[in-house]
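Residue numbers run from 1 in the order of the sequence given. Every number for a ligand or one of its atoms is a count from 1 in the order of the listing.
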Amino acid sequence: MFRFPKNILIAGPCSVESREQILYTAQQIKNIPYLSLFRAGVWKPRTRPGSFEGHGEEALKWLQEIKEQIQLPICIEIAHPKHLELALSYNIDVVWLGARTTTNPFSVNEIASALKGVNIPVMIKNPMHPEVKLWIGAIERIMSTGISEIAAIHRGFFYYGNDMYRNKPLWQIPLELKTLFSNIPIICDPSHIAGKKEYVFEISQKAMNIGMNGLMIETHYNPSIALSDKEQQLTPKELLQLIQKIEFLNDNSSDRNFNDNLHILRQIIDEIDEEILTLIAKRLNIVKQIAYYKNEHKVTAFQLSRWKEILKTRKSIAKELALSKNFIDQFLSLLHEESINTQNRILNQPETEIHYTKKK
Ligand code: PEP
Ligand code: MN
């Protein structure tokens, strides 16, 4: 049975389009370093009807045939127990649940029931929207079937509006998953995050930098004629260049000096964090006092002019300190939310119930 190696590379086209298309693609990528699984979509979940939805069982026949020739294990997406049954009958080595399937616990349950007693490695893509619990739920449902080889695939999250990427990576979500399930490898799918092939390298490198366990990259021998996701697929040559350029980092080092220096710097970080938390607690104590006064004078928790002043002054300080705009926006909004919540717990209480020291 296939086992997920360290630093896994999965590549292949978005969809199986013809026998020749998978054969040419597989022949051209099979010797790329780290490549250990060939991917290809057999049933394609398309957003709107009318686009190519995959060749289904016919594609499985072609995949089985080329597997002999390329000597590479093959993985496909399944979205239904019937898909699993067919995948098994055509000797597919690994299956994955797509983002739309993970989003639906009914579908995951149906697949999980069909997986009982079957030992095939399963990969679980993140759900469409950024809900880590739904991703965890799908992993737990698959784990409960007794499947031993499980991997997660991070393919980014849908959002409304424009951004340079097709799906937002929201790296903190796969990191949260890693913290909870440290034994499950997480493979990044930079192709579906990027949406355009020019971003695939930078996303892949970022995934390696944060310690992800591998990459799934859509590759087509001629992306310009691809029937799905043509803009994000790499050519075999581009895939090879990416793998030659990418830097794989270790999650540890045995260098004594490095570890000693890291330890010193981490101690400083520990002290700074303690100071930050003490200061935040101190700030919230003042917020409480303000709430008591506001309660006494029947004044609202939120004052627009004060909030505007806080935003303006703090953002300008942050800018001088070269803190990122995105970080400071989120930080101030979180701090403000906690301040409003703290005040809300105090407002509207009868003054007799309030225990505080008030200056006369
Ligand atoms: C795919 O891998 O081709 C695919 C459809 O991906 P996702 O489920 O991430 O949209
Ligand atoms: Mn695709």
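When hydrogens are left out, the protein atom nearest atom 6 (O) of ligand 1 is K125 NZ, 2.9 Å; that is the closest non-hydrogen contact.
Residue contact check: W96 has heavy atoms under 4.0 Å from atoms 2 (O) of ligand 1. Listed by atom number, the atoms of ligand 1 under 4.0 Å from A99 heavy atoms are 8 (O). Contact atoms of ligand 1 toward G98: 8 (O) (distance under 4.0 Å to a heavy atom of the residue). Within ligand 1, the atoms closer than 4.0 Å to a non-hydrogen atom of H192 are 1 (C), 2 (O), 3 (O), 4 (C), 6 (O), numbered from 1 in the order shown. For ligand 1, the atoms lying closer than 4.0 Å to a non-hydrogen atom of R39 are 1 (C), 2 (O), 3 (O). The ligand atoms of ligand 1 that sit less than 4.0 angstrom from a heavy atom of K44 are 1 (C), 3 (O), 5 (C). Near R100, with a cut-off below 4.0 Å to any heavy atom, the atoms of ligand 1 are 7 (P), 8 (O), 10 (O). Of all the atoms in ligand 1, the ones that sit under 4.0 Å from a non-hydrogen atom of C14 are 3 (O).
When R155, R166, E77 are checked for heavy-atom proximity to atom 5 (C) of ligand 1, E77 turns out nearest.
Close N/O approach between P45 and ligand 1 is not found [any backbone or side-chain N/O within under 3.5 Å]. The shortest N or O to N or O distance between D189 and ligand 1 is not under 3.5 Å. When only interatomic distances are considered, the shortest N/O to N/O separation between D229 and ligand 1 does not fall below 3.5 Å.
Ring centroids of Y160 and F158 are separated by 6.0 Å or more, keeping the two rings apart. Aromatic ring centroids of W43 and H80 lie 6.0 Å or more apart.
Not a single heavy atom of M128 lies less than 4.0 angstrom from ligand 1. M216 does not count as a contact of ligand 1, since none of its heavy atoms falls under 4.0 Å from the ligand.
In summary, the side chains of H220 and D229 do not present any donor paired with an acceptor at a separation below 3.5 Å, with no hydrogens or angles considered. Judged purely by distance below 3.5 Å, without hydrogens or angles, the side chains of Q330 and N326 pair a donor atom with an acceptor atom. Looking at E57 and Y90, their side chains do bring a donor and an acceptor atom within 3.5 Å of each other. In summary, the side chains of E77 and H83 do not present any donor paired with an acceptor at a separation below 3.5 Å, with no hydrogens or angles considered.
Counting just the N/O/S atoms of E218, the one with the shortest distance to the Mn ion (ligand 2) is named OE2. Per residue D229, closest N, O or S atom to the Mn ion (ligand 2): atom name OD2.
Below 30°, between 30° and 60°, or above 60°: for F327 and F331 the angle between ring planes is below 30°, a parallel geometry. In this structure, W307 and H336 have parallel ring planes: the angle between them is below the 30° cut-off, well short of the 60° mark.
For the pair R39 (side chain) and C14 (backbone), a donor-acceptor distance under 3.5 Å is present.
Inter-residue side-chain proximity for I32 and L9 is flagged as met; some heavy-atom pair is nearer than 4.5 Å.
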Notebook entry, point to check: For E85 and K82, what are the C-alpha separation, side-chain angles and deciding distance, and is it a salt bridge (charged side-chain N to carboxylate O under 4.0 Å, His left out)?
Noted result: CA-CA 5 Å; E85 194 188 313; K82 185 82 197 147; 3.6 Å; yes

